[in-house]
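Structure record follows, encoded as structure tokens.
Every chain is numbered from 1, with letters handed out A, B, ... down the list of sequences.
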2 protein chains.
Amino acid sequence: MKASADRAPFDRAAFDRTVRERLERSGRRYTGGRRSVVEALVESGHPLSISDIEKLRPGLPRSSAYRHLVELQQAGIVRRLSAEDEFSRYELAEDLTEHHHHLVCVSCGRVVDVTPPKSFEIAVTEVLDELATSEGFTVQGHRLDLLGRCASCS
Amino acid sequence: MKASADRAPFDRAAFDRTVRERLERSGRRYTGGRRSVVEALVESGHPLSISDIEKLRPGLPRSSAYRHLVELQQAGIVRRLSAEDEFSRYELAEDLTEHHHHLVCVSCGRVVDVTPPKSFEIAVTEVLDELATSEGFTVQGHRLDLLGRCASCS
DNA sequence: ATAGTACTGAGACTGAGTCTCATTATAGTA
DNA sequence: TACTATAATGAGACTCAGTCTCAGTACTAT
């Protein structure tokens, strides 16, 4: 049940290559600004709000940060998720990290990653795919968030 | 697997009583404006965005609608959820309806309810509670959304 | 070098959501 | 029925996360 039990060590060079490839495939360069945003996400290891990113990258203008986040989403490198508060959070795309879910603190909005066992995911996926297709939906993925209070807000 | 297989018929009077009680417990009256919002949610049976509510209740001013939604949330009658787009959706609180999850269309933002079998929920809850408590979280509930494309956006 | 194109920062702009305030409705009391 | 205190409401100003525009800068290729 430990999140990192059998995770491969993080290969920075391979990661960089993938990011560059995806950007170039969408007609973009892997520039300093974009790298700055991506690395902030890698370093923190948590979904970040725009103000988190501003704190981690004080030099980067707000408009550039937002623009990069949009571009990175379009290139399939970043995805946006929504907490209980009004602020969007951004994290690395699912296939660049381990598949995981979120603990969302309803009090402070903090989001923490957790990884359930593989067998759990398989069971979930089976049941849900069936439900969705019966409604005419084509499933691309799922998100499973636990809402509650984090240790410091309890 | 059918969503409504063993659901009790909707008892409007009992529902109204509960809503009134919860409002009064939070020091509020069950007035026309609040009723209007609650009934829009009941009638549609789906999570609604603010513009959905405006369409269903053309006379109701925007500021009143928002105010009522906040009050109804505080009274535990409504909860806010977030789709993939920038618009919040509002639905009746979990315990006023059947426990359910969402199919979220990543293209048009539409949200549809689905209800997995009870056994599924139990299995999910067990695994997740364990994960959360190991991180110091106190779990209050979970949300499980399927992301994909609805029939009309495929 | 030069041209064409992508990238960037600065700041104006948009619009969902909030707040304020003056007015209106309601409940309670006599 | 009149009176008072309190809650509810509509109108519109305001806030601020997120988007858009534009002029200037950096790449890339030839």
Can you tell me how far [atom2] of [N] sits from [atom1] of [X], to the nearest Å?
X       : N      : atom1 : atom2 : answer
A:Gln73 : D:dG18 : CD    : C1'   : 12 Å
A:Leu60 : C:dC7  : CG    : P     : 15 Å
B:Arg57 : D:dG10 : CZ    : C1'   : 18 Å
A:Tyr90 : D:dA17 : OH    : P     : 11 Å
A:Arg89 : D:dG18 : CZ    : C1'   : 15 Å
A:Gln74 : C:dA6  : CD    : P     : 14 Å
A:Arg35 : C:dA6  : CZ    : P     : 20 Å
B:Glu71 : D:dT6  : CD    : P     : 18 Å

From the options [options], select the nucleotide whose nearest atom is closest to the side chain of [X].
X       : options                : result
B:Ser63 : D:dT28, D:dG18, C:dT18 : C:dT18
B:Arg34 : D:dT9, C:dT5, C:dT26   : D:dT9
B:Pro61 : C:dA10, C:dT26, D:dA11 : D:dA11
A:Ile50 : D:dC27, D:dT6, D:dG18  : D:dG18

Do NZ/NE/NH1/NH2 and the carboxylate oxygens of [X] and [Y] come within less than 4.0 Å?
X       : Y       : result
A:Arg57 : A:Glu43 : yes
B:Glu39 : B:Arg12 : yes
A:Arg34 : A:Glu71 : yes

Base C:dG9 to side chain A:Arg67, donor-acceptor N/O within 3.5 Å cut-off: yes

For [N], does OP1 or OP2 lie under 4.0 Å from any side-chain N or O of [X]?
X       : N      : result
B:His68 : D:dT9  : yes
B:Tyr66 : C:dT18 : no
A:Thr31 : C:dT8  : yes
B:Ser64 : D:dG10 : yes
B:Arg62 : C:dA16 : yes

From B:His142, B:Glu126, B:His100, residue fulfilling side-chain contact (heavy atoms from CB on, under 4.5 Å) relative to B:Glu121: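 Testing each of B:His142, B:Glu126, B:His100 against B:Glu121, the sole residue satisfying side-chain contact (heavy atoms from CB on, under 4.5 Å) is B:His142.
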
Trace of the salt bridge (Lys or Arg N to Asp or Glu O under 4.0 Å) decision for B:Asp95 with B:Arg79: CA-CA 11 Å; B:Asp95 62 349; B:Arg79 79 177 185 139; over 6 Å; no

First encountered from the 5' end of DNA chain C, between A:Tyr30 and B:Phe87: A:Tyr30

